[in-house]
Colleague: 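Supplied in structure tokens, the structure appears directly below.
Treat the numbers as computed from the prediction; the structure is a model and nothing was measured. Order of listing sets the numbers, starting from 1, for every ligand and every atom in it.
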Amino acid sequence: MTLPARVMTIAGSAAGGSAGIQADLKTFQELDVYGMSVLTAIVSRHPKTDKNVHLQTVEAIEAQFATAIKQVGVEGIKIGMLFSEEIIKTVSELVGQADINYLVVDPVMVGKMNSKLLEDKAIRALKERMIPMASLITPNVPEASLLLDGRSIKSVEELKQAAVDLYDLGCQNVLVKGGRLEGPAIDVLYDGKDMMLFEVPRIDTVNTSGAGCSYSAAIAAYLTKGYSVYESVKRAKSFVTTAIEHGFSYTDIVGPTYHAAERKYGVAHEVKIYHIKQGEA
Ligand code: PXL
């Protein structure tokens, strides 16, 4: 038997199951990679105290990492919510020691329900310590904007420029996700030379909780399975678009994407690709 590729997510827990670690592990399972997790925080609002972010200690983070490495070993890592400078420092040191092929960094900052998932003062540490280690970073528009000192990003042209400028932070590839702009959902991939645009139609739904987490988890899964960056993004975009197409909610609260959708119903929307060669952007 060929053993499945081993992928770890280092991220927060979202108890409702739509985002964070839960979305990542569901995605890993759907894409047939062996998933492991290191929890950095538990994001769940206490009904009486209103406290929403319950951080794990550095010791607990180090223990989880060491256990997963010892019991299993790891080939690819996906990073989600890190919250504090202290956690960023810990995680960057752990990842630096690991012998991995791929590191996908999703620079998670604010959740769909407006929960703060990264302290303002930790943005600098994320830029200086974590992003330069990344094979790929996957910011959405608000995250790209914050990483670029508050720059406004309102068009595909500005999305492309953001990808070029974010590349200068030292990562190998940048995927800026334009899902929050108007019109079709267009993402821009930049590798320091060429640019690719990935486009799908806008889907009319509010149930997109965890879409960003699932997208970057799917990219990490495909990369670790051996696909190229381009092919991994294309397949992951298809996976998450189909999951969004079949999103649902059990309550009147914004609901999850449906991770099993592509397997059960097939691809919902073809991903259109536009290749912009160096110098044409
Ligand atoms: O979708 C961003 C996100 C990431 N990680 C955790 C979250 C959320 C959104 O709520 O809770 C743990």
Side-chain angles (χ1 to χ4, degrees), residues 7-28 35-47 50-57 60-61 64 77-84 87-88 90-91 103-120 122-123 126 130-131 134 136-147 175-180 185 187 203 205-221 236-237 239-241 243-244 247-259:
V7 189
M8 174 193 283
T9 168
I10 304 179
S13 162
S18 62
I21 293 269
Q22 288 79 359
D24 293 346
L25 291 174
K26 289 173 193 185
T27 301
F28 293 162
M36 292 166 281
S37 61
V38 170
L39 261 71
T40 54
I42 294 168
V43 180
S44 293
R45 198 169 295 285
H46 191 283
D50 212 40
K51 181 171 165 166
N52 192 29
V53 172
H54 311 267
L55 291 186
Q56 298 297 298
T57 60
I61 292 169
Q64 296 171 82
I77 295 181
K78 181 227 146 146
I79 305 268
M81 173 187 179
L82 296 174
F83 195 74
S84 69
I87 295 180
I88 291 168
T90 304
V91 169
L103 176 68
V104 176
V105 175
D106 191 19
V108 170
M109 295 186 188
V110 184
K112 284 251 155 47
M113 317 301 274
N114 267 337
S115 16
K116 206 165 187 64
L117 305 175
L118 182 74
E119 287 180 321
D120 293 339
I123 292 183
L126 189 75
M130 211 66 253
I131 291 180
L136 174 73
I137 62 169
T138 60
N140 58 23
V141 165
E143 290 157 357
S145 172
L146 281 166
L147 289 170
L175 180 71
V176 190
K177 302 173 292 185
R180 302 211 185 175
D187 307 331
I203 298 163
T205 176
V206 294
N207 298 318
T208 59
S209 179
C213 305
S214 306
Y215 190 5
S216 52
I219 297 170
K237 173 103 173 153
F239 173 84
V240 78
T241 303
I244 292 170
F248 58 89
S249 180
Y250 294 103
T251 62
D252 57 1
I253 295 168
V254 168
T257 69
Y258 189 33
H259 293 93

Colleague: Which atoms of ligand 1 have any heavy atom of Cys213 under 4.0 Å away?
Modeller: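 Atoms satisfying the 4.0 Å criterion: 1 (O), 2 (C), 3 (C), 4 (C).
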Colleague: Of Leu118, Thr40, Val53, which meets side chain to side chain contact (heavy atoms under 4.5 Å, CB included) against Phe83?
Modeller: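 Between Phe83 and the candidates, side chain to side chain contact (heavy atoms under 4.5 Å, CB included) is satisfied uniquely by Val53.
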Colleague: Closest non-hydrogen protein atom to atom 10 (O) of ligand 1, residue and atom name please, with distance?
Modeller: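 Checked against all protein heavy atoms, atom 10 (O) of ligand 1 sits closest to Gly111 CA, 4.1 Å.
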Colleague: Say whether, by atom type as modelled, one donor and one acceptor occur between the side chain of Lys78 and the main chain of Ala218 under 3.5 angstrom.
Modeller: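 Flag not set: sc Lys78 to bb Ala218 has no pair under 3.5 Å.
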Colleague: Of all the atoms in ligand 1, which lie at a distance below 4.0 Å from a heavy atom belonging to Val108?
Modeller: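 Counting atoms of ligand 1 from 1, those under 4.0 Å from Val108 are 4 (C).
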Colleague: Would you mind listing which atoms of ligand 1 come within a distance below 4.0 Å of any non-hydrogen atom of Ala14?
Modeller: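 Near Ala14, the atoms of ligand 1 are 11 (O).
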Colleague: Just verifying a value: how many Å separate Ile88 CD1 and Ile123 CD1, rounded to the nearest 0.5 Å?
Modeller: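 So the CD1 of Ile88 and the CD1 of Ile123 are separated by 9.0 Å.
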Colleague: Hey, does Gly212 sit under 4.0 Å from ligand 1 if you only count heavy atoms?
Modeller: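 For ligand 1, residue contact (heavy atoms, under 4.0 Å) with Gly212 is absent.
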Colleague: Evaluate the side-chain proximity of Thr138 to Tyr215: yes if any heavy-atom separation is below 4.5 Å, no if none is.
Modeller: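 Sidechains of Thr138 and Tyr215: no contact.
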Colleague: List for me each residue that meets side-chain hydrogen bond (donor to acceptor under 3.5 Å, both in side chains) alongside Glu143, sequence neighbours excluded, and say none if there are none.
Modeller: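 None.
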Colleague: What pairs with Tyr258 under ring-ring contact (aromatic ring centres under 6.0 Å, His included), at least two apart in sequence or on another chain?
Modeller: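 Tyr258 satisfies ring-ring contact (aromatic ring centres under 6.0 Å, His included) with Phe248 only.
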Colleague: Any idea which atoms of ligand 1 are less than 4.0 Å away from a heavy-atom of Leu117?
Modeller: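 The atoms of ligand 1 under 4.0 Å from a heavy atom of Leu117 are 2 (C), 3 (C), 4 (C), 7 (C), 8 (C), 9 (C).
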Colleague: Quick test: of every protein heavy atom, which one is nearest to atom 5 (N) of ligand 1, and how far off is it to 0.1 Å?
Modeller: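 Its nearest protein heavy-atom neighbour is Gly20 CA, 3.6 Å.
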Colleague: Under 4.0 Å from any heavy atom of Gly12, which atoms of ligand 1 are there?
Modeller: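 That gives atoms 12 (C) of ligand 1.
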Colleague: Please could you name the atoms of ligand 1 that Val43 approaches to less than 4.0 Å, counting only its heavy atoms?
Modeller: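 It comes down to these atoms of ligand 1: 11 (O), 12 (C).
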Colleague: Under 3.5 Å, is there a donor-acceptor pair between the side chain of Thr27 and the main chain of Ala23?
Modeller: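 Checked: pair present.
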